[in-house]
Amino acid sequence: MILEFLVWLLLFGRSVASSEQEDVGFTYNGFRGVNLTMDGLAQITENGLLMLVNTTTQQMGHAFYPHPLHFRNLSTADALSSFSTTFVFAIWKSTRFGGPGMAFVISPSRDFTGALPGNYLGLFNTTNIGNSSNHVIAIELDFLRNLEFKDIDGNHVGIDINDLKSLQSAPASYFISKDAKNRYVNLSLTDGQHLQLWVEYHGKQKQLNVTVAPINIPKPTIPLLSLKIDLSPIIVDPMFVGFSAATYALPVSHYVLGWSFKLNGEARELNLSQLPKPPLQKSHIKRRPRVFIVAFSVIAATFVSISIFFVIQFIVKRKNKFAEVLEDWELDYGPHRFKYKDLYIATKGFKDKELLGTGGFGRVYRGVLPTTKTQVAVKRVSHNSRQGEREFIAEIVSIGKLRHRSIVTLLGYCRRKGELLLVYDFMPNGSLEKFLFDRTTTETMLNWCQRFRIIKNVAAALLYLHEEWEQVVVHRDVKSRNVLLDKELNGRLGDFGLARLYDHGTDPQTTHVVGTLGYLAPELCKTGKTNPSVDVFAFGIFLLEVACGRKPIEPQASEECLVLVDWVISCWSRGTILDTVDPKLGLNYEVEEMELVLKLGLLCSHSIPTERPNMRQVMRYLEGEISLPELTPLGLRTAIDDTSFLPSKGFSDISIWCPLSSAMTQ
Ligand SMILES: *[C@@H]1O[C@H](CO)[C@@H](O)[C@H](O)[C@H]1NC(C)=O
Ligand SMILES: *[C@@H]1O[C@H](CO)[C@@H](O)[C@H](O)[C@H]1NC(C)=O
Ligand SMILES: *[C@@H]1O[C@H](CO)[C@@H](O)[C@H](O)[C@H]1NC(C)=O
Ligand SMILES: *[C@@H]1O[C@H](CO)[C@@H](O)[C@H](O)[C@H]1NC(C)=O
């Protein structure tokens with residue numbers, strides 16, 4: 001009997017609870033003390049801001065109202081309730097590639113463990129994106145244009161269902177008046193201004209409206225997005241509501257200041273004056289006692305008037321010091337440009353102590369960006385030619401859009417008179433060259449497994465450049481020095497576009513090279529034409545370098561060993577190809593993999609371009625999906641001798657393409 005009563009109570013109690021939740025609503029003017037279910041980087045700050053992500057890159061954060069919501073009317077089983085929500089948010093990003101943004105989310109689960117950061121907004125991953133079993137509704141505030149998801153621009157609001165390809169989207173803007181010339185006023189989502197977003201769904205009309213506006217103007221009467229859609233197939237019972245945000249390669253700050261939600265009704269208005277202030281805003285400076293202020297101002301006034309002269313002088317000097325060249329057309333590239341001053345501070349004035357290395361085209365410094373505290377590498381390239389500069393900058397910007405885990409991200413650039421600064425992701429382990437050829441230490445030895453992984457990384461990067469990006473990019477300077485190692489010793493290809501710069505603005509007086517001797521495909525010296533097979537050639541040499549731990553040309557070595565390719569071929573023809581393996585590896589390597597790498601290296605550096613595999617085939621050889629064609633050392637050698645590895649005839653005509661002496665000294 002008692003048991004029966006308890007069961008009844010349980011059932012009844014539950015149904016009471018859920019029928020109460022039908023009209024659930026909440027309003028948070030700031031989040032201090034509010035119980036939200038959070039994960040990833042999301043947190044509530046001391047002053048009550050909901051911070052979805054901090055400045056850590058490639059991460060995500062979620063914050064959800066902790067209780068499940070029942071969007072279906074219990075009385076009329078399948079009718080979907082109306083709902084409405086509004087929140088105030090503020091977002092900053094420091095450069096063009098901060099992003100991708102944040103979203104208001106309605107989802108059957110609060111658990112997004114398998115989701116990806118970056119483009120995927122912390123909502124989906126590559127397998128479940130677009131799947132109708134997701135049941136996810138998201139209103140995205142997206143400030144990274146992603147062609148994969150057919151984004152219209154880099155500053156838009158969109159309605160997403162189960163996917164990040166928006167059903168409807170529009171550049172962030174708000175309606176002012178039918179009569180105005182521009183009925184909508186554009187907004188920037190990411191300049192830190194406080195914006196308010198409204199999402200409203202009418203269950204009977206089956207209409208979803210989204211409106212955005214700055215907080216100091218009343219809610220616009222016409223929404224930005226208005227979509228006729230029946231959400232009842234999407235919404236299951238129960239659902240959770242909350243936010244998701246993700247970061248990409250650069251830090252962004254996302255804050256939600258206040259949030260109000262209501263099922264079956266209009267969300268209560270937020271009390272804007274009660275909302276907490278995000279940190280970058282000037283916070284209230286403590287007021288000093290009056291006497292102090294008076295005394296202080298008298299002293300200060302005299303002091304100021306004396307020093308004003310010096311200050312002006314100082315400012316003028318300083319201005320000159322940090323002067324940069326900015327031309328009209330560069331304004332188009334906007335935040336992709338870094339301020340010289342920031343880079344100057346970041347590298348402590350390009351101090352020698354911060355010098356990471358000296359590359360073919362300039363010196364590289366370690367730096368910490370003053371605004372975001374991100375570690376970067378700043379490459380200082382001196383260039384005197386003005387010709388081709390514009391194309392070059394355009395190219396830099398487009399290269400900056402390359403995104404691949406095995407490519408060192410170019411974050412931006414800065415230009416000064418006769419000087420170009422390129423800002424890259426910082427790679428803590430530096431160049432692979434150091435690991436391969438530095439004979440002074442054994443500690444930094446890479447084992448075979450690490451080397452093989454690096455080889456695959458570089459192959460994947462080249463495949464992306466040649467075939468998978470929107471344009472074909474030829475790197476033109478693949479070599480171990482240009483492969484950098486990240487924290488986990490993954491290989492990342494770096495140093496793009498520099499060869500290109502000197503191509504555009506070729507100046508025969510100085511030693512400009514396109515590529516490095518020893519890695520130059522022979523046909524380059526004859527025709528000067530660049531195509532992906534040139535990279536494949538250099539990649540072949542790179543494979544031999546990694547396997548043998550030797551430079552492609554070793555001037556001190558005996559005649560036989562002078563040119564690495566020749567040496568490997570001659571050992572192979574004697575049946576002792578494994579004699580060429582880097583002695584530092586001892587016997588600790590997979591024989592099969594090693595032979596594959598050595599022979600593939602020879603195949604890739606075949607002197608006849610058409611005999612070389614393309615990067616997709618290379619990838620398949622390395623993954624063991626297909627086996628190498630039958631090769632004989634004799635066949636390879638004939639081919640190589642035939643066309644001669646080093647340029648001979650016709651060399652003088654094209655000498656600027658292959659400046660032997662300058663490349664030798666590199
Ligand atoms: C961001 O938050 C995570 C987790 O709360 C923390 O480990 C990390 O240090 C934070 N990063 C910054 C830059 O504040
Ligand atoms: C969608 O997800 C469900 C459940 O995870 C799965 O069974 C189904 O195969 C997926 N559909 C597609 C097209 O991937
Ligand atoms: C607003 O932005 C859109 C898209 O970015 C642009 O086409 C339009 O010209 C802009 N309108 C105004 C008034 O600036
Ligand atoms: C959505 O906007 C349209 C056009 O302004 C309006 O007629 C409709 O009532 C709105 N619906 C909701 C649910 O707010």
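Start at 1 and go down the list; that is how both ligands and their atoms are numbered. Since this is a predicted model, take the numbers as computed values, not measurements. Scope of the values below: all heavy atoms of this structure, side chains included, with no hydrogens, waters or symmetry mates.
- With ligand atoms numbered from 1 in the order given, ligand 2 contributes 1 (C), 2 (O), 3 (C), 4 (C) to contacts under 4.0 Å with heavy atoms of Ser133.
- Looking at atom 2 (O) of ligand 4, its nearest protein heavy atom turns out to be Asn209 ND2, 2.4 Å.
- Using a cut-off of 4.0 Å between Lys/Arg side-chain N and Asp/Glu carboxylate O, Glu488 and Arg453 are scored as not salt-bridged.
- The protein atom (non-hydrogen) at minimum distance from atom 9 (O) of ligand 4 is Gln205 OE1, 3.8 Å.
- Of the protein's non-hydrogen atoms, Pro223 CD, 3.4 Å is the one closest to atom 5 (O) of ligand 4.
- Ring centers of Phe87 and Phe243: under 6.0 Å apart, within the cut-off.
- Listed for the His62 side chain is no donor-acceptor partner under 3.5 Å among the backbone atoms of Arg110.
- Summary of contacts: the protein heavy atom closest to atom 8 (C) of ligand 4 is Gln207 OE1, 3.5 Å.
- Evaluated by nearest non-hydrogen atom to atom 10 (C) of ligand 2, the leading choice among Asn128, Asn134, Asn131 is Asn131.
- In this structure a side-chain-to-backbone donor-acceptor pair under 3.5 Å is missing from Asp142 to Gly101.
- Considering Phe240, Phe83, Tyr201 as possible partners of Ile106, the one that fulfils the side chain to side chain contact (heavy atoms under 4.5 Å, CB included) test is Phe83.
- The protein non-hydrogen atom at the shortest distance from atom 13 (C) of ligand 4 is His202 CB, 3.4 Å.
- Relative ring orientation between Phe26 and Phe261 is described as parallel, the plane-to-plane angle staying below 30° on a 0-90° scale split at 30° and 60°.
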